[in-house]
Structures are given as structure tokens and as C-alpha cells.
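Report on the following structure.
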Amino acid sequence: MRRTVRGLVRGCAWAQARMRALAARRDAGMVTSEYAVGIIAAVAFAAVLYKVVTSGQVSEELQGIVGRALNVQM
């Protein structure tokens, strides 16, 4: 009985290694598309952030904060 359990454990380890190898090969082409989607999302976020920061109200608030920081008496 002991030999059977060892054989099953070795068989499971081999099967798991084989499944990982197959999964890695199957997903190999997805890396480039995932990077592309990530870059597109980052550019879209940067564009929205740029629009918000350069809007009139936010720009005035940022200038006010910088102005108060520069005029602080020490």
C-alpha cells in the first residue's frame, strides 16, 4: 500500500508540473496585450488628470496654495 501512495504522489506532482507548463505556454501571447491595455489605461488616466489640473478652478486653487506657501513668515 505504501508504494501505491508514493506512486500517486509522484503522479500528482508530475501532472501538476505538466499543467503549469501547458498553462504557461497557453498564456505566453497574452503578456503583450495586457501591457497594451495597461498603457492605454494609464494614458487615459493621465489625460483626465491633466484636464482636471489645468481647469480654471483647480489652477487658481493650486496657485493660491503655492502663493501662500511662498509668503509664509518664518
Side-chain angles (χ1 to χ4, degrees):
M1 178 150 182
R2 195 169 198 179
R3 288 182 185 172
T4 306
V5 172
R6 285 183 185 168
L8 286 174
V9 170
R10 285 186 197 145
C12 287
W14 179 83
Q16 288 175 350
R18 181 76 178 138
M19 291 302 290
R20 281 193 296 267
L22 288 173
R25 189 178 310 149
R26 186 176 35 218
D27 291 341
M30 294 179 59
V31 175
T32 304
S33 63
E34 289 171 353
Y35 281 125
V37 169
I39 289 171
I40 291 170
V43 169
F45 179 73
V48 169
L49 186 61
Y50 177 76
K51 281 294 198 181
V52 168
V53 170
T54 57
S55 69
Q57 184 178 0
V58 174
S59 180
E60 290 175 16
E61 289 293 326
L62 288 174
Q63 287 177 358
I65 291 170
V66 172
R68 285 192 302 270
L70 293 174
N71 293 326
V72 171
Q73 298 295 326
M74 294 189 167

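Leu70 belongs to a hydrophobic cluster with Val66, counting contacts under 4.5 Å between side-chain heavy atoms of Ile, Leu, Val, Met, Phe, Trp and Tyr, direct or through other members. Apart from Ile39 itself, the hydrophobic cluster it occupies contains Val43, where clustering links Ile, Leu, Val, Met, Phe, Trp and Tyr at side-chain heavy-atom distances under 4.5 Å.
Considering all non-hydrogen atoms of both residues, Val53 and Leu62 come closest at CG1-CD1, 3.9 Å.
Criterion: ILVMFWY side-chain heavy atoms under 4.5 Å apart, direct or through other members. Under it, Tyr50 and Val58 are not part of a common hydrophobic cluster.
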